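Only one structure is covered here, and it is reproduced in the block below.
Letters A, B, ... are given to chains in the order of the sequence lines, protein chains preceding strands, and every chain is numbered from 1. Computed from a prediction, not measured in an experiment: that's the story for all the values here.
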Protein chains: 2
Amino acid sequence: MLILLAEDERDLAELTIDYLASENIECDYASDGAMAVNLIANNHYEVIVLDVNMPKLDGFKVCQKLKNQGNTTPIIFLTARDNLQDKLKGFALGADDYLSKPFDLEELTARIKVLAKRKVNMPTSFQLDTLSVDFKQCLISRSQRRLSLSKTQWQLLNLLVKHSPNVVDKITIEDEIWPDQQPSKAMLKTLLFRLRKLLDFDGETTLLHTVRGTGVALRVDNNE
Amino acid sequence: MLILLAEDERDLAELTIDYLASENIECDYASDGAMAVNLIANNHYEVIVLDVNMPKLDGFKVCQKLKNQGNTTPIIFLTARDNLQDKLKGFALGADDYLSKPFDLEELTARIKVLAKRKVNMPTSFQLDTLSVDFKQCLISRSQRRLSLSKTQWQLLNLLVKHSPNVVDKITIEDEIWPDQQPSKAMLKTLLFRLRKLLDFDGETTLLHTVRGTGVALRVDNNE
DNA sequence: TGAGTACGTTACCTTTTGGTAACCTTCTGT
DNA sequence: ACAGAAGGTTACCAAAAGGTAACGTACTCA
């Protein structure tokens with residue numbers, strides 16, 4: 001699970017990030033409001049933890065901005081002051097939860113998990129040529145024909161879809177699918193081969209294009 | 001908006017009810033856990049506020065009971081003790097929020113409103129193919145045939161219904177059903193096997209679909 | 001107290017997978 | 001044109017995932 005932590009006290013942030021990591025919650029980190037807005041614009045977080053007091057843009061402003069953009073990611077505010085007015089302001093702005101510092105890391109974790117559990121959205125379906133994919137349902141078909149992918153194949157496809165029609169380079173793929181350590185170079189070759197066999201059969205247009213020396217792209221390519 | 005307040009201190013309860021009324025939140029009131037369970041069975045509340053310390057059945061027990069029945073109404077715990085262990089226990093049981101006494105009525109109001117807002121109104125009944133389920137009454141049948149599920153089976157079914165027709169990840173299921181500690185991996189297998197035996201018998205369409213490497217989905221799947 | 005149920009565990013078997021090596025084929029720089 | 005590199009294809013095997021059955025313990029309820 002990936003969340004965003006926006007908090008200007010570095011020590012506290014570091015401590016928090018370490019603790020959350022041990023609970024399998026990965027953190028992106030912003031040390032001020034502007035950075036937070038930026039990260040949020042470019043990433044998908046399951047929960048956003050916002051310190052109220054931050055340089056550049058305070059937590060309230062960040063929250064307001066998100067809500068104005070129609071962003072519905074759950075937000076937890078952190079505040080140094082145990083100030084009722086602040087809390088109410090936070091809730092009025094659409095906060096989903098509120099913690100006063102000092103807080104227990106375990107409690108933060110519990111609250112993050114509660115919020116994450118109820119959220120849903122992700123890019124769910126994708127169409128390209130005669131290929132259609134629904135990641136939520138884990139359904140995929142090419143020209144009406146239902147296909148069945150293995151877990152790793154889904155991962156790879158997901159990556160390709162996310163970047164389509166751009167090229168995803170081999171390193172990126174390897175890091176994503178085998179985060180622990182490098183597989184033999186043959187592995188990717190084989191994985192790709194197997195996925196290709198499933199997607200690009202018979203008379204179908206080729207969708208999985210190798211870019212020699214770089215990586216792979218998922219797209220329709222009329223002239224080649 | 002109608003909520004349930006379960007709290008054994010009459011004075012506090014009265015005060016709270018009055019205040020909430022001024023905010024257009026109507027309260028049903030239970031002075032002990034057993035009464036709370038009773039009221040919940042016969043009414044529909046948008047939020048349930050549970051005191052942890054109550055005669056008959058304490059707040060935790062009430063919560064557990066609800067979750068076992070597949071009830072998903074948001075729950076806020078109240079506790080006299082500002083005790084982290086209690087909080088964590090509450091969250092583990094599926095609490096959505098937690099307030100320590102003494103609390104500000106305005107804060108309680110704010111939190112109630114937050115929870116009510118995002119409530120997704122789990123439909124009380126669900127139909128799919130020849131399967132029909134009524135969560136409120138805990139009734140389930142397939143092709144007119146009445147089935148009887150255990151509480152864990154209800155929990156699982158509830159989860160599956162909530163996500164249907166999407167795939168529910170094995171991890172999600174395990175976290176939901178055995179929040180405390182990881183069961184042996186065989187447990188889910190067996191649970192699923194048993195539920196499947198109940199739901200997908202004889203000539204009925206398969207509704208419980210395993211997605212290898214990922215999880216399970218409850219849906220009709222015509223072409224596979 | 002005793003039958004019945006729920007549920008955790010273990011064991012066994014089948015199917016699917018993920019990794020590897022070996023061997024082609026195509027491309028590229030010199 | 002040729003050597004090497006990059007990529008494609010295949011076959012093989014061990015491990016993982018899943019389905020099924022059976023067993024024992026604990027709990028429930030009369």
Side-chain angles (χ1 to χ4, degrees), chain A residues 138 140 146-160 167-171 173-174 176-202 206-218 221 224, chain B residues 61 64-65 67-70 138 140 146-160 167-174 176-202 206-218 221 224:
Chain A
C138 289
I140 171 172
R146 172 73 56 82
L147 310 176
S148 137
L149 304 193
S150 78
K151 174 104 175 171
T152 9
Q153 284 161 181
W154 275 108
Q155 276 178 272
L156 174 56
L157 183 65
N158 193 276
L159 244 189
L160 291 170
V167 176
V168 188
D169 86 67
K170 283 184 299 185
I171 309 292
I173 299 178
E174 289 177 348
E176 182 80 17
I177 299 191
W178 299 279
D180 310 318
Q181 79 288 299
Q182 227 139 305
S184 72
K185 34 217 101 224
M187 202 50 249
L188 221 197
K189 266 203 299 196
T190 311
L191 172 58
L192 214 38
F193 170 70
R194 288 169 174 161
L195 183 59
R196 182 172 284 134
K197 200 152 70 171
L198 290 170
L199 297 190
D200 296 339
F201 49 81
D202 344 315
T206 305
L207 296 183
L208 263 179
H209 302 271
T210 299
V211 178
R212 202 183 170 85
T214 311
V216 209
L218 183 69
D221 209 341
E224 32 180 347
Chain B
K61 298 237 174 66
Q64 209 154 21
K65 204 150 183 154
K67 297 297 169 187
N68 286 347
Q69 290 171 4
C138 289
I140 171 172
R146 174 68 49 82
L147 309 176
S148 124
L149 302 193
S150 77
K151 93 180 154 83
T152 348
Q153 284 161 179
W154 273 106
Q155 275 179 276
L156 174 56
L157 183 67
N158 192 276
L159 244 190
L160 292 170
V167 173
V168 190
D169 194 288
K170 278 183 304 185
I171 310 288
T172 309
I173 300 178
E174 290 179 344
E176 184 80 16
I177 299 191
W178 299 279
D180 312 317
Q181 216 30 260
Q182 216 107 320
S184 73
K185 35 220 105 218
M187 202 49 248
L188 220 197
K189 262 203 303 196
T190 310
L191 172 59
L192 216 38
F193 172 65
R194 289 170 175 159
L195 183 60
R196 184 173 281 135
K197 205 151 66 170
L198 290 171
L199 297 189
D200 296 340
F201 50 80
D202 351 311
T206 305
L207 296 183
L208 263 179
H209 302 270
T210 298
V211 178
R212 197 167 236 271
T214 309
V216 207
L218 183 68
D221 209 338
E224 35 180 346

Could you state the atom-to-atom distance from CD of B/Gln155 to P of C/dA6 in whole Å?
-> 14 Å
Is any side-chain N or O of B/Trp178 closer than 4.0 Å to OP1 or OP2 of C/dC7?
-> no
D/dG7 OP1/OP2 closer than 4.0 Å to side-chain N/O of A/Lys170 | yes
Rounded to the nearest Å, what distance is computed from the CG atom of residue B/Asp200 to the C1' atom of nucleotide D/dT20?
-> 15 Å
Euclidean distance, atom CG of residue A/Leu191 to atom C1' of D/dG8 [Å, nearest integer] = 14 Å
Select one nucleotide: of C/dA11, C/dT20, C/dT9, the one nearest the side-chain heavy atoms of B/Lys189.
-> C/dA11
Which atom of B/Thr214 lies closest to which atom of A/Cys138, heavy atoms considered | CG2-SG, 4.4 Å
Respond yes when some side-chain nitrogen or oxygen of A/Lys151 is under 4.0 Å from OP1 or OP2 of D/dA17, and no when none is.
-> no
Rounding to a whole Å, what distance do you find between B/Glu174:CD and D/dG18:C1'?
-> 14 Å
Whole-Å distance, A/Leu208 CG to D/dT9 C1', equals 16 Å
Is a side-chain donor or acceptor of B/Asp200 paired with a backbone partner of B/Leu207 at a separation under 3.5 angstrom?
-> yes
Once you round it to whole Å, what is the distance between C1' of C/dT26 and CZ of A/Phe193?
-> 16 Å
Side chain of B/Ser150 (C-beta onward), nearest among C/dA6, D/dG18, C/dT10 = C/dA6
Of B/Arg212 and B/Leu149, the one whose closest DNA chain C nucleotide lies more 5' = B/Leu149
Side chain to side chain contact (heavy atoms under 4.5 Å, CB included) partner of A/Glu176, chosen from A/Leu156, A/Ile171, A/Leu159 | A/Leu159
Nearest heavy-atom pair of A/Leu160 and A/Val216: which atoms, and what distance?
-> CD2-O, 4.0 Å
Quickly work out the A/Leu195 CG to D/dG8 P distance and round it to whole Å.
-> 12 Å
Could you tell me whether the side chains of B/Arg194 and B/Ser150 share a donor-acceptor contact shorter than 3.5 Å?
-> no
Report which part of the nucleic acid B/Arg194 touches: base, sugar-phosphate, or nothing (heavy-atom distance under 4.0 Å, all strands).
-> base
Walking DNA chain D from its 5' end, the first of B/Thr190 and A/Leu192 to be reached, judged by nearest nucleotide, is A/Leu192
Report the distance from atom CG of B/Leu198 to atom P of C/dC7, rounded to the nearest whole Å.
-> 12 Å
Under-4.0 Å side-chain N/O to phosphate OP1/OP2 contact, B/Arg196 with D/dG19 = yes
